[in-house]
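Here the structure is laid out as structure tokens; the discussion comes afterwards.
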Amino acid sequence: MTPGPARPDAPARPDDPARSDAPARPDDPARPARSVRARRKALAAMEAETGLVHRRWWTPYLFLAPGLVTVALFSLWPFVNTVVLSLTDAQILRGGTFVGLDNYTRAFADPDFWTATGNSVLYLVVCVPCLVLLPLALAVLVQAKVPGIGFFRSAFYTPVIASAVVVGLIWQWVLRSDGLVNTVFRRLSIVSEPVPFLTDSTMLLVSAMIVTVWKGLGYYMVFYLAALGNVPPSLHEAAALDGAGPVRRFFSITVPQVKPMMLLVGTLSAISALRVFTEIYILGGESGGPGGGARTLPFLIRQVGLGFSGETGYASALSILLFLLTLVFSLLGRRLSKGDES
């Protein structure tokens with residue numbers, strides 16, 4: 001018996017291929033076409049609802065292209081070029097020839113390189129703890145909501161917006177032999193001879209560290225103020241009810257809550273300490289102090305590569321070594337941050 005035609009009002013079976021919403025079988029040849037039609041319908045519905053027009057897959061890359069080109073031209077290409085130059089004996093006015101790792105061998109045998117590296121590491125060891133702890137204490141003090149606290153916040157942040165050259169010149173006037181500090185010391189009979197803040201290599205390095213810490217206090221204070229704003233006040237209130245004093249609350253609540261920010265500040269200040277140049281140059285002059293004893297790695301790189309006889313290849317090798325040293329401390333900070341999160 002031959003079945004008659006299906007009635008118009010008869011419900012379609014779930015496996016009926018005539019249904020547009022029926023799930024397609026894996027071996028159904030019409031499945032890709034139906035998926036494409038479904039996506040097109042969904043896309044048309046989205047465009048009609050939102051008014052946004054769908055573009056090709058490469059459309060977002062058109063918006064990223066200017067930034068990518070800028071990074072490639074001004075960051076990636078200079079880095080690659082520096083690596084290539086570090087393997088040559090190039091000079092400012094003369095193209096170099098390939099010398100392999102001779103520049104790196106020369107650097108490891110150069111006493112000036114080790115002196116500059118030691119100064120940079122010493123700069124980091126002294127400045128980083130100061131820039132991690134002092135801004136935190138400063139942020140805790142100015143966090144209090146009392147009348148006139150905004151003035152002190154602005155005053156502490158003022159050195160940040162001042163030019164590094166201006167800051168260096170001010171401190172040069174303060175620390176020179178006939179400057180403010182030595183004049184006050186002599187008037188108070190504290191010293192009989194001027195303190196050689198700028199004429200002794202060790203004192204010059206210490207003076208530059210003081211300038212760096214003074215200029216960075218307000219900058220990192222803002223970081224800590226943001227972190228302190230995220231500490232729940234209920235924790236301090238509960239600790240106060242339990243009888244904990246301000247010092248106990250600081251070490252038991254504040255420090256653990258802002259520890260991730262402390263690690264971030266430590267990493268950023270370490271990178272900045274390894275790149276210090278302006279303070280040494282303004283306070284110690286072009287020689288980097290008596291006999292160049294206060295030179296840091298960036299200062300030595302400038303000296304080696306400067307002038308018509310500048311050794312571009314050797315300066316590039318020193319730059320790569322500075323990059324590797326900075327990378328080590330950056331990875332160390334990242335490792336500490338991951339350990340703290342875990």
statement: Per side chain to side chain contact (heavy atoms under 4.5 Å, CB included), Pro298 is matched among Leu274, Leu322, Thr278 by Leu322
- prompt: Can you list every salt bridge (charged side-chain N to carboxylate O under 4.0 Å, His left out) pair that touches residues 261-288, not counting sequence neighbours?
  reply: none
message: Quick test of your reading: applying side-chain hydrogen bond (donor to acceptor under 3.5 Å, both in side chains), list the pairs with at least one residue in residues 297-306, sequence neighbours left out, ordered by first then second residue.
response: Arg295-Gln303
Quick one: side chains of residues 304-313, donor-acceptor pairs under 3.5 Å with protein atoms, not counting sequence neighbours, listed by atom name and distance.
from: Glu311; atom 1: OE1; to: Arg106; atom 2: NH2; distance (Å): 3.1
from: Glu311; atom 1: OE2; to: Arg106; atom 2: NH1; distance (Å): 2.7
from: Glu311; atom 1: OE2; to: Arg106; atom 2: NH2; distance (Å): 3.4
from: Thr312; atom 1: OG1; to: Ile92; atom 2: N; distance (Å): 3.4

message: Could you tell me if the side chain of His236 sits less than 4.5 Å from the side chain of Val231, heavy atoms only?
response: yes
task: Verify side-chain contact (heavy atoms from CB on, under 4.5 Å) between Leu141 and Phe152, making sure each step is shown before the conclusion.
output: CA-CA 10 Å; Leu141 292 176; Phe152 291 98; over 6 Å; no
query: With Leu85, which of Asp89, Asn81, Leu87 fulfils side chain to side chain contact (heavy atoms under 4.5 Å, CB included)?
result: Asn81
task: For Ser201 and Pro290, indicate whether the former's side chain and the latter's backbone hold a donor-acceptor pair under 3.5 Å.
output: yes
ring-ring contact (aromatic ring centres under 6.0 Å, His included) partners for Tyr123, two or more places apart: none
- prompt: By ring-ring contact (aromatic ring centres under 6.0 Å, His included), which residues pair with Tyr219, not counting sequence neighbours?
  reply: Phe223
Nearest heavy atoms of Ala244 and Arg249, plus distance in Å: O-NH1, 2.9 Å
query: So with a 6.0 Å cut-off around CZ of Phe98, is the heavy-atom count from everything else above 12?
result: yes
- prompt: What's the shortest heavy-atom distance between Phe108 and Trp114, and which atoms?
  reply: O-NE1, 2.7 Å
- prompt: Residues in ring-ring contact (aromatic ring centres under 6.0 Å, His included) with Phe197, at least two apart?
  reply: none
message: Treating Asn182 as the side-chain partner and Val195 as the backbone partner, does any N or O pair qualify as donor plus acceptor under 3.5 Å?
response: yes
message: Is the shortest side-chain heavy-atom distance between Leu300 and Asp112 below 4.5 Å?
response: yes
message: Can you confirm whether more than 12 heavy atoms, excluding those of Arg248, are under 6.0 Å from its CZ atom?
response: no
Would you give me the side-chain donor-acceptor pairs under 3.5 Å for residues 169-181, sequence neighbours excluded?
from: Gln172; atom 1: NE2; to: Ile282; atom 2: O; distance (Å): 3.2
from: Arg176; atom 1: NE; to: Asp178; atom 2: OD1; distance (Å): 3.1

field: Note, Leu268 side chain near Tyr220 side chain (heavy atom, < 4.5 Å)
entry: yes
Can you give the donor-acceptor pairs under 3.5 Å from side chains of residues 155-167 to other protein atoms, not counting sequence neighbours?
from: Thr158; atom 1: OG1; to: Ser154; atom 2: O; distance (Å): 2.7
from: Ser163; atom 1: OG; to: Val165; atom 2: N; distance (Å): 3.3

Test side-chain contact (heavy atoms from CB on, under 4.5 Å) applied to Phe299 and Val276, step by step: CA-CA 8 Å; Phe299 200 101; Val276 68; over 6 Å; no
message: Apply the hydrophobic cluster definition, ILVMFWY joined by side-chain contacts under 4.5 Å directly or through others, and give me every member besides Ile271.
response: none
Side chain to side chain, Leu122 and Met209, heavy atoms closer than 4.5 Å: yes
message: Show, in sequence, the C-alpha distance, side-chain angles and deciding distance for Ile320 and Asn103, and conclude whether the side-chain contact (heavy atoms from CB on, under 4.5 Å) test is met.
response: CA-CA 11 Å; Ile320 297 300; Asn103 287 324; over 6 Å; no
query: Is there a side-chain contact between Lys259 and Pro256, using heavy atoms and a 4.5 Å cut-off?
result: no
Side-chain heavy atoms of Leu198 within contact of Met203, under 4.5 Å: no
field: ILVMFWY clustering at 4.5 Å (side-chain atoms), partners of Leu241
entry: none
field: Side-chain heavy atoms of Val128 within contact of Phe329, under 4.5 Å
entry: no
All ring-ring contact (aromatic ring centres under 6.0 Å, His included) counterparts of Phe250, not counting sequence neighbours: none
message: I'd like to know whether Tyr224 forms a side-chain contact (heavy atoms from CB on, under 4.5 Å) with Leu138, so could you lay out the CA-CA distance, the side-chain angles of the two residues, the decisive distance to 0.1 Å, and finally the verdict.
response: CA-CA 9 Å; Tyr224 284 123; Leu138 198 61; over 6 Å; no
field: Any Met262 side-chain heavy atom under 4.5 Å of Leu133 side chain
entry: yes
query: Once you round to the nearest 0.5 Å, how far does CG of Leu136 lie from CG of Leu225?
result: 10.0 Å
task: For residues 322-333, pull every pair meeting side-chain hydrogen bond (donor to acceptor under 3.5 Å, both in side chains), keeping only residues two or more places apart or in separate chains.
output: none
